[in-house]
Amino acid sequence: MKVRHLTATTSPQDVADAIRADGAAIIDSVLTAAELDALEAELKPWVDRTSFGPDEFSGRRTKRTGGLVARSAKCRELVMHPLVLGAAGDLLSHATSFQLHLTQVIAIGPGEPAQAIHRDQWAFDFFPFPKGYEVQFNTIWAMTDFTEENGATRVIPGSNRFEDKLKFKVDDTVPAEMSRGSVLVYNGSVYHGGGANRSDRTRVGVNITYNLSWLRQEENQYLAVPFDVARTLPIDLLKLIGYRRGAYALGYVDDLRDPIEVIHPELRKSGLGDDLKEAQKRLMTEGMAGQ
Ligand SMILES: O=C(O)CCC(=O)C(=O)O
Ligand SMILES: [Fe+2]
C-alpha cells in the first residue's frame with residue numbers, strides 16, 4: 001500500500017480524514033519554485049554551519065537545523081500555512097488547543113543508512129496514549145524531490161491503528177516519494193522513519209510539527225525565539241509557538257496572567273479569552289462532578 005496523494009486544493013477536513021484513515025498522506029505541489037528558492041536562500045547559511053548528528057537516530061550523516069521561527073521569515077509562513085493549520089485543528093480538535101512542537105531542517109546526506117522505524121509520539125517518554133487519541137500533527141516539506149534512492153521518508157500506511165512499541169524493518173515500509181514543494185503530513189502514531197540515502201545528493205526536508213497544548217514542546221520555543229524577535233511576530237504566530245495557555249491553566253505567568261500579555265501588555269484581559277471559556281466550563285462541571 002502506497003502513501004495516498006492529495007492535491008493542494010483538498011479541504012483541511014479531507015486532509016485530516018486521510019490521516020485518520022492511513023496515518024499519512026502527501027499533498028502535492030503546495031509551494032511554488034519561487035517560494036522554495038526564497039526558503040532555501042534563508043535556510044542555507046544555517047544548515048551550512050550545522051554539525052552532523054551525534055547518534056544513529058539523529059543520523060551521523062544528517063544535519064538537523066532548528067530555531068526556524070527565529071531564523072527564517074519564510075518558515076513562519078510554512079508554520080502558519082492555512083491548509084496545514086486547518087487540517088491540524090481538525091485532527092486535534094478533541095483538545096482545547098494545539099501548539100508548535102518543533103521546526104527542523106532535516107538534511108539527510110549521501111551514505112546515511114535508514115533511521116529506525118518509530119512513532120513520533122514516543123518522544124513523550126513512551127506514554128501509551130489511547131488508540132485514536134492523536135497528540136501530534138506533523139509535516140515534512142520537500143525542499144528537494146524525495147525519492148526511494150535519496151532517502152524519502154519510509155511509512156507504514158495504516159500503522160496508526162497498530163499496537164504500540166512494535167519493531168519494524170525497512171522492508172515493512174513504503175517510501176513517501178514526492179516532488180520538491182510537496183508536503184508529507186502524518187500523525188504521531190504512524191510508524192515511519194527517514195530513508196537511507198543511496199544517492200550522491202543531500203535530501204532536504206523541513207519538518208514542522210504541532211502537538212496538543214497540554215503536552216511539552218520538543219523544541220523550546222521560548223528560548224529558541226529571542227524575546228526581541230518574539231515582540232515582532234504576529235499575535236497568531238506567538239500564540240501558536242506557545243504564548244497562550246493550554247487548557248485552562250497550563251502555562252500562566254505570575255498572577256494568572258496569559259503569557260501573551262508578557263510580550264504585549266496592551267492585550268491584558270480581565271477575563272478569559274473565548275478559547276478558554278470552554279475549558280473553564282469543563283473544569284467546573286467535571287471538577288465539581290468528581291466531588
Ligand atoms: O527525515 C525524515 O524523513 C523523517 C525523520 C524522522 O522521522 C524523525 O527524525 O523523527
Ligand atoms: Fe519521526
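Order of listing sets the numbers, starting from 1, for every ligand and every atom in it. What you are looking at is a predicted structure, and each value in this text was computed from that prediction instead of being measured. Computation of the quantities below employed the complete heavy-atom set of this structure, encompassing side-chain atoms and omitting hydrogens, waters and symmetry-equivalent molecules.
- For Asn207, no heavy-atom contact with ligand 1 is shorter than 4.0 Å.
- In terms of protein heavy-atom proximity, atom 1 (O) of ligand 1 is closest to Arg203 NH2, 2.8 Å.
- Of the N and O atoms on the side chains of Glu218 and Thr209, not one donor lies less than 3.5 Å from an acceptor on the other residue.
- In the vicinity of His192, heavy-atom distances shorter than 4.0 Å reach the ligand 1 atoms 7 (O).
- Checked for salt-bridge contact, Glu40 and Lys44 miss the test: no charged N lies under 4.0 Å from a carboxylate O.
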Practice problem: Go through the steps to decide whether Tyr243 and Tyr222 satisfy the test ring pair (Phe, Tyr, Trp, His ring centres under 6.0 Å), and finish with yes or no. | Solution: CA-CA 8 Å; Tyr243 289 91; Tyr222 311 102; 5.2 Å; yes
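- With respect to the salt-bridge test (charged N to carboxylate O, under 4.0 angstrom), the residues Arg244 and Asp258 do not qualify.
- For the ligand labelled ligand 1, residue Arg154 lies outside the 4.0 Å heavy-atom shell.
- Residue contacts with ligand 1, taken as heavy atom pairs separated by less than 4.0 Å, involve Ile106 solely via side-chain atoms from C-beta onward.
- Protein heavy atom in closest approach to atom 10 (O) of ligand 1: His118 NE2, 3.0 Å.
- For ligand 1, the atoms sitting less than 4.0 Å from at least one non-hydrogen atom of Asp120 are 10 (O), numbered in the order shown with element in parentheses.
- The part of Arg64 lying near ligand 1 is the side chain, judged by heavy-atom distances below 4.0 Å.
- Restricting Asp120 to its N, O or S atoms, the one at the least distance from the Fe ion (ligand 2) is OD1.
- Protein heavy atom at the shortest distance from atom 6 (C) of ligand 1 is Gln115 OE1, 3.1 Å.
- Counting heavy atoms closer than 4.0 Å to ligand 1, residue Glu112 contributes nothing at all.
- Here the rule is side chain to side chain contact (heavy atoms under 4.5 Å, CB included) with Arg64, and of Pro54, Ser51, Ser58 only Ser58 fits it.
- At least one donor-acceptor pair closer than 3.5 Å links the side chain of Glu35 to the backbone N or O of Thr32.
- A donor-acceptor contact shorter than 3.5 Å is absent between the side chain of Asp90 and the backbone of Ala16.
- Here the side chain of Tyr191 pairs a donor or acceptor atom with the backbone of Leu166 at under 3.5 angstrom.
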